[in-house]
Amino acid sequence: MNYQRMPIEVESPEELGYSTIRYNLAESSVRDIHFKDLNIDLGDLMLSYGEHSGSLVLREEIVKDEPLDADHVLVCPGAATALFIISTALLQKEDHVIVMRPNYATNIETPRAIGCSISFVELTFENNFQFSIDEVREKLRSNTRLISVTSPHNPTGVVFNHRLMLDLITLAEERNIQLLVDETYRNLNFQSALQSYYAAHSPNVLSVCSLSKAFGVPGIRTGWILTRNKKLMHRFLAAKEQIIICNSIVDEAIARHVLAERDVFLQRAHTSIAANFRIVKDHIAGSSLEWIEPDAGVVCFPRIKKEVLLDLNKFYRILYDKYKTVAGPGHWFEQPDCHMRIGFGYPSAEELKSGLDNIEAAIREAAI
Ligand SMILES: Cc1ncc(COP(=O)(O)O)c(C=O)c1O
């Protein structure tokens, strides 16, 4: 494995230092919460190893109301580890992978670190960041092992058309390859009903999700892989056992509590995201930015309009140094820096308004 640090991690707010940032528009989650606000007493918790797949009660909670059962769940330390397990368990350097780009950086970087050949399906502003099934079909090779998509999408917040996703599943079944659907943002469906995980549709689909984005608890590092494919599940468990054996028993106990209260958490999250979404929408209408409106999630990926001429390096420098504001520059996603990911779930309404005004001010001050 040829590991390289990714810009999105090197330049992340937690690596820059939260104390250096006043208006944090670079996060892709709702605001983090304090442990004390959960009101849980873990005093009786035995600090033993846990069940290797994740505790049965937690796995049952994860698939509650889903057409899947606990055997279809592998609990992992965050969606990040789930994605790592999938890539390393499925792929060798001789394999070919089709990945939608832009994407969450790990979904590109881990196959790259393994040495796989990668074909990108480029999602464009002009095509509303939707993909074309014909393009995916054209890119298939005899050694294609995996097609990798993220929906709701990071960094655009677009939800892929359901019909298109079903076509992709059919394609994966016909060619007997795996389709990875990174569904880490699925619970942030603040303007539509929640759909079943795609893994429920076919044994050729792997779904990944976690508690990091919608519940304010990324620090407990709890995510999961869902698959109906028993053989693959066995292999993923073998990978997990070699990496970590089992999850932290403390994290699992907190995760169970959070999921048992999911309705309360999600109602609160959706109310605040919907209000912040309105703020971004109103702002963009009169700004130097243009966007494809996100369908779900807490991020969008606007770009500075072409007619606005500016020095982009200077813009990001002014934004951070002078205005103590951060957004995610396009290069985090292998895109031009005239694009920026704006996270609207993390800041308060006031912080968001000021952060957006600061972006506008920095654009003016970086004009050429
Ligand atoms: C699409 C996507 N998948 C996975 C992850 C990793 O999340 P986790 O904190 O659950 O490891 C992220 C985090 O930003 C993400 O955006």
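As the structure lists them, so they are numbered: ligands from 1, and atoms in each ligand from 1.
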J.: When you measure from the side chain of Asp337 to the backbone of His331, do you find a donor-acceptor pair of N or O atoms at a distance under 3.5 Å?
T.: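 Pair found, side chain donor or acceptor close to backbone of His331.
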
J.: Would you list the atom pairs, donor with acceptor, under 3.5 Å between side chains in residues 81-89 and any protein atom, with sequence neighbours excluded?
T.:
unit_1	atom_1	unit_2	atom_2	d
Thr81	OG1	Pro77	O	2.5
Thr88	OG1	Phe84	O	2.7
Thr88	OG1	Ile85	O	3.4

J.: Are Tyr23 and Glu350 close enough that a side-chain donor and a side-chain acceptor fall under 3.5 Å?
T.: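 No, Glu350 and Tyr23 have no side-chain donor paired with an acceptor closer than 3.5 Å.
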
J.: Which atoms of ligand 1 sit under 4.0 Å from any heavy atom of Thr150?
T.: 1 (C)

J.: Side chains of Lys353 and His283: does their closest heavy-atom pair fall under 4.5 Å?
T.: no

J.: Heavy-atom pairs closer than 4.0 Å: do any link ligand 1 to the side chain of Ser210, the backbone, both, or neither?
T.: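 Under 4.0 Å from ligand 1, Ser210 contributes side-chain atoms alone.
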
J.: Identify the protein heavy atom lying closest to atom 7 (O) of ligand 1, giving its residue, its atom name and the separation to 0.1 Å.
T.: Ala79 CB, 3.8 Å

J.: Indicate, as side chain, backbone, both or neither, the part of Ala80 found under 4.0 angstrom from ligand 1 when only non-hydrogen atoms are considered.
T.: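 Contact part for Ala80 vs ligand 1: both backbone and side chain.
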
J.: Tell me whether the rings of Phe333 and Phe301 are parallel (<30°), tilted (30 to 60°) or perpendicular (>60°).
T.: perpendicular

J.: Look at atom 6 (C) of ligand 1 and say which protein heavy atom is nearest, naming residue and atom and giving the distance to 0.1 Å.
T.: Tyr104 OH, 3.4 Å

J.: May I ask you to check whether Gly78 has an N/O atom sitting below 3.5 Å from an N/O atom of ligand 1?
T.: no

J.: Check ligand 1 against Thr184 and write out every atom of the ligand that is under 4.0 Å from a heavy-atom position of the residue.
T.: 2 (C), 3 (N), 4 (C)

J.: Is the shortest N/O to N/O distance between Asn107 and ligand 1 below 3.5 Å?
T.: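 So ligand 1 has no N or O lying under 3.5 Å from an N or O of Asn107.
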
J.: Given the ring of Phe215, does Arg262 sit roughly above its face, with NZ or CZ under 6.0 Å from the centre of the six-membered ring and within 45° of the axis?
T.: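 No - Arg262 does not lie over the ring of Phe215 by the 6.0 Å and 45° rule.
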
J.: Would you say ligand 1 has an N or O under 3.5 Å from any N or O of Thr81?
T.: no

J.: Before accepting this row, confirm whether a basic side-chain N of the pair Lys305/Glu290 lies closer than 4.0 Å to the acidic partner's carboxylate O.
T.: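 A salt bridge is absent here (no side-chain N lies under 4.0 Å from a carboxylate O).
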
J.: Regarding Gln191 and Asn189, do their side chains bring together a donor and an acceptor under 3.5 Å, going by distance alone?
T.: no

J.: To the nearest 0.1 Å, how far is atom 1 (C) of ligand 1 from its closest protein heavy atom, and which atom is that?
T.: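 Checking every protein heavy atom, the shortest distance to atom 1 (C) of ligand 1 gives Asp182 OD2, 3.2 Å.
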
J.: Has ligand 1 got any nitrogen or oxygen that is less than 3.5 angstrom from a nitrogen or oxygen of Arg221?
T.: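 Arg221 vs ligand 1: N/O contact under 3.5 Å present.
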
J.: Return a yes/no value for Lys213: is any of its N or O atoms, backbone included, closer than 3.5 angstrom to an N or O of ligand 1?
T.: yes

J.: Only pairs at least two apart or in different chains count here, so list each side chain to side chain donor-acceptor pair (under 3.5 Å) that has a residue in residues 170-181.
T.: Glu173-Ser202, Asn176-Asn204

J.: Determine whether any heavy atom of Ser28 lies closer than 4.0 Å to an atom of ligand 1.
T.: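 Yes.
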
J.: Among protein heavy atoms, which lies nearest atom 16 (O) of ligand 1, and at what distance?
T.: Tyr185 OH, 2.6 Å

J.: Under 3.5 Å, is there a donor-acceptor pair between the His96 and Thr144 side chains?
T.: yes

J.: Among all protein heavy atoms in this structure, tell me which lies nearest to atom 9 (O) of ligand 1, with the distance rounded to 0.1 Å.
T.: Ser212 OG, 2.7 Å

